[in-house]
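This report concerns only the one structure given below.
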Amino acid sequence: MNIEQILKESISNAFQQLYGASLAEEEVALQPTRKEFEGSHTLVCFPFSRISKQNPEATATALGEYLQQHTDVVDRFNVVKGFLNLVISDKAWIAVFNVILQNNGQMAKKGEVMVEYSSPNTNKPLHLGHMRNIFLGWSVSEILEASGQQVTRVQIINDRGIHICKSMVAWKRYGEGATPESEGAKGDKFIGNYYVRYDREFKSEVAELIAGGQESAEAERNAPIFKEAQDMLLKWEKKDPEVYALWAKMNGWVYEGFNTTYKKMGVDFDKLYYESDTYLLGREEVLKGVEKGVFYKKDDGSVWVDLTDDGLDEKLLLRSDGTSVYMTQDIGTAILRYKDHPNINRQIYTVGNEQEYHFKVLFLILDKLGYSWARECYHLSYGMVDLPFGKMKSREGTVVDADDLIDEVIAKTREKTMELGKIDELSPEEAENLYRMLGLGALKYYLLRVDPKKRILFNPEESVDLQGNTGPFIQYTHARISSLLRKADALGVERKQHFACDKLTDIEKELVYRLSEFPERIQDAAREFSPSVIAQYAYDLAREYNKLWQNVIILKEEDETLREFRVALSAKIAEVISSALGLLGIESPVRM
RNA sequence: GGCCCCGUAGUUCAAUGGAUAGAAUAGAAGUUUCCUAAACUUUAGAUGCAAGUUCGAUUCUUGCCGGGGCUACCA
């Protein structure tokens, strides 16, 4: 039982004894004491005046006296206005630490969820926007798992549609049989270049037609290269063997490229869904919906859903020519996933906030189709990543490429580490691995420390900062403790599982307090789908530990019990830092 | 126009309705005979505006002002 629980229970008892009133545990507002007052836990007593029929100050004092007498955790207390500040006894803190030492970190099992993230188009490489998505989705998956849920990680690959046909046309026209191997290029970059090439040719053809007297909209429809792409899409839908084979081959190149990047990022998936597999199922569902009267058909044959009663618009589900739109395939994908995984109680879609309307509509449609799980679908929406010089636009070449960015941050940490010259005993391979951990740590932390729903203004300089509120700062603390523990082991300091010291410094108590909060923080982060909660926690813990480091001697402490306690405390903190960073997808180096 | 999100130190981020609004960075000033100075200490600096609810509002409500997004037979 932890201190909060003991306090809450005792406060509840106190109300019974003092005022003959019962108080639900949820009504007890316990919060950390502000630094300028003595104590660690503060009870806000203003709301209790009503029950106690006394002013807040008197109520707080009465409660404080009761707690001091009837519990053995409260050593003393002070009252400031309606705030009751409790000082927990050193013995109680040690008891808390002993429990933490025993704790194996297991959480109660809580069901099964599916998390979707990344979900790229197959016509261009991954960029900075994807990185926020991928790191967020991965981290939320880790957090949900740590909170006791079983997680299936998936992505939907948008492998179908006019966009991939554009790359295909350009490759057929200008590729002369080139392959990623023959060019020594990464598959996704290779395809991306043809997509860019398409766009260039398209623009020049349109310009030519306009010069020949056409209106711009007309010219865009008539550009030969566009017609070729459209023609190719039609052939693809009819499963024309030649087109289909080319499509499969070119997508294969892209997947290979993506996988290289995913691996570099340290993420993966349990299962992949392809739009080309799900759009037909979606169409069937929509047609069924028409029969059921949930949707309706217009005279031209297009199918719509009317959501005006729900405060939304009418939405197209099938084009007049019978082909699917984005919404159609998402309906199919959602249903297929529940068929594949009947036990999931929640689907989480990691997708940018510009698609909030889309998902509102999707979930509503699934609900109307009679799928009860639709109400449990969740759009994990996040803000855009803006660049200092404006928005990212792939066609204008203002994107930050994922591979380039990763290479850059690694190069930057390499440079910085060499400058500090602290890695002499590492082999070249170990050193490279360290740069990778630090570079990615900086980048991931930079993108995850911010509340997901907020926009991020991406500053290339700050994203590789190694000081202050950054990933490497936390990693550094871990490396520092690791070094300490190596020395402790060499000195033969015993690692006890149980302590009985009777005097702790304020920083030590603070650290035990923070350690004890970790499980609760994980639940908070899981409930809010917010890795930033974990980032903040890890940073605070590391910062607090660095204060301890600066203020007390650990290995040279003469009192043996105290020395052993501090080593054990350090070890536990390193462990918690490492798992907190793990929840963010960040590795913890043992030296740096 | 309608709907959604965001406005906090120069800058980037925090704050279940609670105390004198926390950090980082940039600025100023310090700390290495001792376990990793990628650290630590000190210092100065902020809630867009106006009402309302409340013992108490950065937080909830309304209006206004700024920024962004959505409102496609694109995905």
Side-chain angles (χ1 to χ4, degrees), chain A residues 26 29-31 33-37 42 44-47 49-50 55-56 80-83 85 119 121 123 158 160-163 275 298 300-304 311-313 315-327 329-330 352-358 360 381 383-384 386 391 413 416-417 419-420 422 438 442 446 449-451 453-457 459 461-462 465-470 472-477 479-488 491 524 528 532-533 535-536 539-540 542-543 545-557 566-567 570 591-592:
Chain A
E26 305 84 68
L30 264 182
Q31 54 190 245
T33 304
R34 295 185 69 94
K35 278 196 207 103
E36 57 268 38
F37 302 104
T42 293
V44 182
C45 296
F46 297 96
S49 298
R50 210 186 34 194
N55 66 44
V80 181
K81 292 190 257 179
F83 298 94
N85 300 322
S119 303
N121 287 345
N123 60 337
N158 301 304
R160 181 195 75 97
I162 192 82
H163 59 270
E275 184 187 330
K298 283 192 179 168
D300 62 4
S302 57
V303 175
W304 296 75
L312 304 175
D313 301 322
K315 195 83 190 167
L316 176 86
L317 298 177
L318 284 180
R319 295 192 188 97
S320 49
D321 63 3
T323 55
S324 314
V325 292
Y326 183 38
M327 189 62 76
Q329 63 103 3
D330 267 6
N353 63 8
E354 73 274 14
Q355 293 197 35
E356 265 166 21
Y357 186 73
H358 172 80
K360 215 186 260 181
S381 163
M384 316 223 96
D386 291 321
K391 272 195 76 168
T413 51
K416 181 71 190 172
T417 307
E419 247 172 59
L420 291 175
K422 292 205 286 190
L438 296 178
Y446 180 79
R449 62 186 257 254
V450 182
D451 187 315
K453 65 173 180 284
K454 292 197 173 169
R455 307 168 45 193
I456 290 183
L457 181 72
N459 182 328
E461 301 294 315
E462 284 172 14
D465 269 353
L466 309 172
Q467 285 161 6
N469 189 354
T470 66
F473 169 89
I474 303 168
Q475 291 173 310
Y476 172 72
T477 309
R480 228 182 189 189
I481 298 175
S482 302
S483 163
L484 177 90
L485 295 178
R486 283 192 296 272
K487 295 210 160 102
L491 289 170
D524 292 345
E528 292 162 30
S532 66
V533 171
Q536 188 71 38
Y539 173 67
D540 288 340
R543 194 163 47 92
Y545 182 80
N546 281 324
K547 278 188 204 163
L548 178 78
W549 182 285
Q550 214 72 29
N551 283 294
V552 307
I553 299 293
I554 298 173
L555 291 179
K556 293 192 176 162
E557 167 61 47
R566 284 175 186 163
V567 168
S570 302
R591 51 187 104 223
M592 67 185 269

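The model shown is predicted, which means the values in this text are computed figures rather than measured ones. Convention: sequence-line order gives letters A, B, ...; per-chain numbering from 1.
- Using a 4.0 Å heavy-atom distance criterion, V552(A) is classed as a base contact.
- Backbone-only contact: R543(A) has heavy atoms under 4.0 Å from sugar-phosphate atoms and none from a base.
- The line from CG of L485(A) to CZ of R480(A) is 13.5 Å long, rounded to the nearest 0.5 Å.
- Counting to the nearest Å, the P atom of rU71(B) and the CG atom of L316(A) are 13 Å from each other.
- Donor-acceptor pairing under 3.5 Å is lacking for the side chains of R34(A) and N85(A).
- For rA51(B) and rA28(B), the P atoms lie 40 Å apart once the distance is rounded to whole Å.
- For T42(A) against rA19(B), a side-chain-to-base donor-acceptor contact under 3.5 Å is present.
- Residue contacts shown for S570(A) are absent, as no nucleic acid heavy atom lies under 4.0 Å away.
- At whole-Å resolution of the value, CD in Q550(A) and C1' in rG30(B) are 13 Å apart.
- Between rA75(B) and Y326(A), no contact under 4.0 Å exists linking OP1 or OP2 to a side-chain N or O.
- With a 4.5 Å cut-off on side-chain heavy atoms, L317(A) and W304(A) do not count as touching.
- Using a 3.5 Å distance cut-off with no hydrogens or angles, the side chains of D330(A) and H358(A) do pair a donor with an acceptor.
- The 5' end of RNA chain B is approached more closely, in terms of each residue's nearest nucleotide, by K81(A) than by the other of S324(A) and K81(A).
- Side-chain nitrogen and oxygen atoms of R319(A) include at least one within less than 4.0 Å of the OP1 or OP2 phosphate oxygen of rC74(B).
- In terms of phosphate contacts, W304(A) brings no side-chain nitrogen or oxygen within less than 4.0 Å of OP1 or OP2 of rC73(B).
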Item to check | Contact letters for nucleotides 2-13 of chain B, in which S counts primed atoms plus P, OP1 and OP2 and B counts the base, heavy atoms under 4.0 Å | outcome: --SSSS----BS
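- Considering only heavy atoms from C-beta on, Y539(A) comes within 4.5 Å of I474(A) through its side chain.
- Under the 3.5 Å distance criterion, with hydrogens and angles disregarded, no donor-acceptor pair is assigned to the side chains of S302(A) and S320(A).
- We find that the ring of F83(A) and the base of rA19(B) stack, their centres lying under 5.5 angstrom apart and their planes tilted less than 30°.
- Counting non-hydrogen atoms of neighbouring residues, nucleotides and ligands closer than 6.0 angstrom, the CD atom of E461(A) reaches no more than 12 such neighbours.
- Between the side chains of Q31(A) and T42(A), no donor-acceptor pair is found at a separation under 3.5 Å.
- Among the heavy atoms of the strands lying under 4.0 Å from Y357(A) are primed sugar atoms or P, OP1, OP2 only; no base atom is included.
- Taking atom C1' in both rC40(B) and rC34(B), one finds a spacing of 14 Å when rounded to whole Å.
- rA44(B) and rG66(B): their P atoms are spaced 36 Å apart (whole Å).
- Contact annotation: K487(A) reaches the phosphate of rU36(B) (side-chain N/O to OP1 or OP2, under 4.0 Å).
- Residue D313(A) places its side chain closer to rU71(B) than to any other of rU71(B), rC40(B), rU36(B).
- A donor-acceptor pair shorter than 3.5 Å cannot be found between the side chains of Y545(A) and Q550(A).
- Residue A29(A) is classed as a base contact, given a heavy-atom separation below 4.0 Å to a base.
- Between K547(A) and rA39(B) there is no side-chain N or O to OP1 or OP2 distance below 4.0 Å.
- Looking at R319(A), its side chain never comes within 3.5 Å of a backbone N or O of V325(A) through a donor-acceptor pair.
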So which protein nitrogen or oxygen atoms get under 3.5 Å of nucleotides 55-57 of chain B's nitrogens or oxygens?
none

Next on the checklist: Reading 5' to 3' and counting Watson-Crick or G-U wobble pairs with both distances under 3.5 Å, write the dot-bracket notation for RNA chain B, | for bases paired outside the strand.
Outcome noted: (((((((..((((....[...)))).(((((.......)))))....(((((..]....))))))))))))....
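- Atom CG in L466(A) sits roughly 11 Å away from atom P in rA38(B) (whole-Å rounding).
- Atom pair N85(A):CG and rU20(B):P shows a separation of 13 Å (rounding to whole Å applied).
- Residue contacts for L318(A): at a heavy-atom cut-off of 4.0 Å it reaches no nucleic acid atom on any strand shown.
- Spacing between atom CZ of F37(A) and atom P of rG18(B) amounts to 15 Å, rounded to whole angstrom units.
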Next on the checklist: Run E557(A) and R566(A) through side chain to side chain contact (heavy atoms under 4.5 Å, CB included) and show every step you take.
Outcome noted: CA-CA 9 Å; E557(A) 167 61 47; R566(A) 284 175 186 163; 3.1 Å; yes
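- If you check rC73(B), rA38(B), rU36(B) against the side chain of W549(A), the one that comes closest is rU36(B).
- Looking at T477(A) and N546(A), their side chains do bring a donor and an acceptor atom within 3.5 Å of each other.
- What separates CG of L484(A) from C1' of rA39(B) is a distance of 14 Å, to the nearest Å.
- Taking atom C1' on both rU47(B) and rU20(B), the two are 15 Å apart, rounded to the nearest angstrom.
- The shortest side-chain heavy-atom distance between L555(A) and L491(A) falls under the 4.5 Å cut-off.
- Within 4.0 Å (heavy atoms only), S532(A) reaches no atom of the nucleic acid at all.
- The gap from the P atom of rG2(B) to that of rC64(B) amounts to 10 Å, rounded to the nearest Å.
- Along RNA chain B, the nucleotide nearest D540(A) and the nucleotide nearest T413(A) are compared for position; the residue whose nucleotide lies closer to the 5' end is D540(A).
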Checklist entry - Under the salt bridge (charged side-chain N to carboxylate O under 4.0 Å, His left out) criterion, do D451(A) and K453(A) qualify, and how do the steps go? => result CA-CA 6 Å; D451(A) 187 315; K453(A) 65 173 180 284; 3.6 Å; yes
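- In this model, a side-chain donor or acceptor of S320(A) finds a partner on the base of rC73(B) within 3.5 Å.
- Taking the C1' atoms as reference points, rG52(B) lies 48 Å from rC73(B), given to the whole Å.
- Base orientation of rU8(B): anti (glycosidic angle beyond 90° from 0).
- Across rC49(B) and rU54(B), the matching P atoms stand 23 Å from one another, rounded to whole Å.
- Between F83(A) and F37(A), a ring centre-to-centre spacing not shorter than 6.0 Å is recorded.
- Atom-to-atom, CG of D386(A) to P of rG67(B) comes out at 14 Å; the value is rounded to the nearest Å.
- Regarding I162(A), its CD1 atom lies at a distance of 10 Å from the P atom of rA75(B), rounded to whole Å.
- Nucleotides rA57(B) and rA21(B) place their P atoms 13 Å apart, quoted to the nearest Å.
- Q355(A) comes within 4.0 angstrom of a nucleotide base, judged by non-hydrogen atoms across all strands.
- A donor atom on one side chain and an acceptor atom on the other are found under 3.5 Å apart for Y357(A) and D313(A).
- When each of rA75(B), rC34(B), rA39(B) is scored by its nearest atom to the side-chain atoms of I553(A), the top-ranked nucleotide is rC34(B).
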